[in-house]
Amino acid sequence: GEMVDAGPVLDAVRRVKTAEEITCVEVAAAISEAALSAMESALQPGVTERQLLGVYYEAVARLGAPVAHGTGSWSNAGRPSMLVRFFCTR
């Protein structure tokens, strides 16, 4: 058979969200906003990026989202990649 680029079809399908997927996005956004608010509250002179990231992860976990350990990587400069993944489980 002939190889065909399925990218355009997959892009179109990904744009359509089910009610469950929309709920997952809304929950993830609410959790993320609450965790960012916790980080903002923890801001003060002397607080490190690593400590703020810990505040973020703690808030995310407290709000019931799984925290994927190891998703943040540290460069030689000690800066976090700040990548946090939210998973919606059924």
Side-chain angles (χ1 to χ4, degrees):
E2 180 183 345
M3 297 283 287
V4 180
D5 180 10
V9 173
L10 291 174
D11 288 341
V13 171
R14 288 182 183 130
R15 280 192 284 264
V16 177
K17 300 292 181 219
T18 66
E20 183 178 309
E21 288 172 318
I22 291 169
T23 299
C24 287
V25 170
E26 290 170 344
V27 169
I31 289 171
S32 183
E33 285 188 24
L36 289 170
S37 179
M39 283 178 67
E40 185 178 25
S41 295
L43 279 175
Q44 60 183 339
V47 174
T48 66
E49 290 179 35
R50 190 174 291 217
Q51 289 169 323
L52 287 175
L53 189 57
V55 168
Y56 184 88
Y57 279 133
E58 182 181 315
V60 166
R62 185 179 63 251
L63 294 168
V67 177
H69 296 285
T71 59
S73 61
W74 294 87
S75 69
N76 290 337
R79 296 180 182 266
S81 66
M82 301 299 283
L83 175 62
V84 179
R85 296 183 182 144
F86 290 104
F87 299 93
C88 184
T89 57
R90 296 177 192 200

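Positions are given from 1 along the sequence.
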Does A19 offer a backbone N or O that forms a donor-acceptor pair with the side chain of T23 under 3.5 Å? yes
Apply side chain to side chain contact (heavy atoms under 4.5 Å, CB included) to A42 and list each qualifying residue two or more places apart in sequence or on a separate chain. L52, V55
At what distance, to the nearest 0.5 angstrom, does CD of E58 lie from CG of L63? 10.5 Å
Using the side chain to side chain contact (heavy atoms under 4.5 Å, CB included) criterion, which residues pair with D11? Sequence neighbours excluded. R14, R15
Please check this pair: side chain of S41 against backbone of S37, looking for a donor-acceptor N/O pair closer than 3.5 Å. yes
Heavy atoms only: give me the nearest A38-A59 pair and the separation to one decimal. CB-CB, 4.1 Å
d(Y56 OH, E40 CD) to nearest 0.5 Å is 13.5 Å
Among all residues two or more places apart in sequence or in another chain, which pass the side-chain hydrogen bond (donor to acceptor under 3.5 Å, both in side chains) test with T48? Q51
Please answer: with hydrophobic residues joined when any side-chain heavy atoms are less than 4.5 Å apart, are V16 and V13 in the same cluster? no
Using the rule that two of Ile, Leu, Val, Met, Phe, Trp, Tyr join whenever any of their side-chain heavy atoms come within less than 4.5 Å, decide whether L43 and L36 are in one cluster. yes
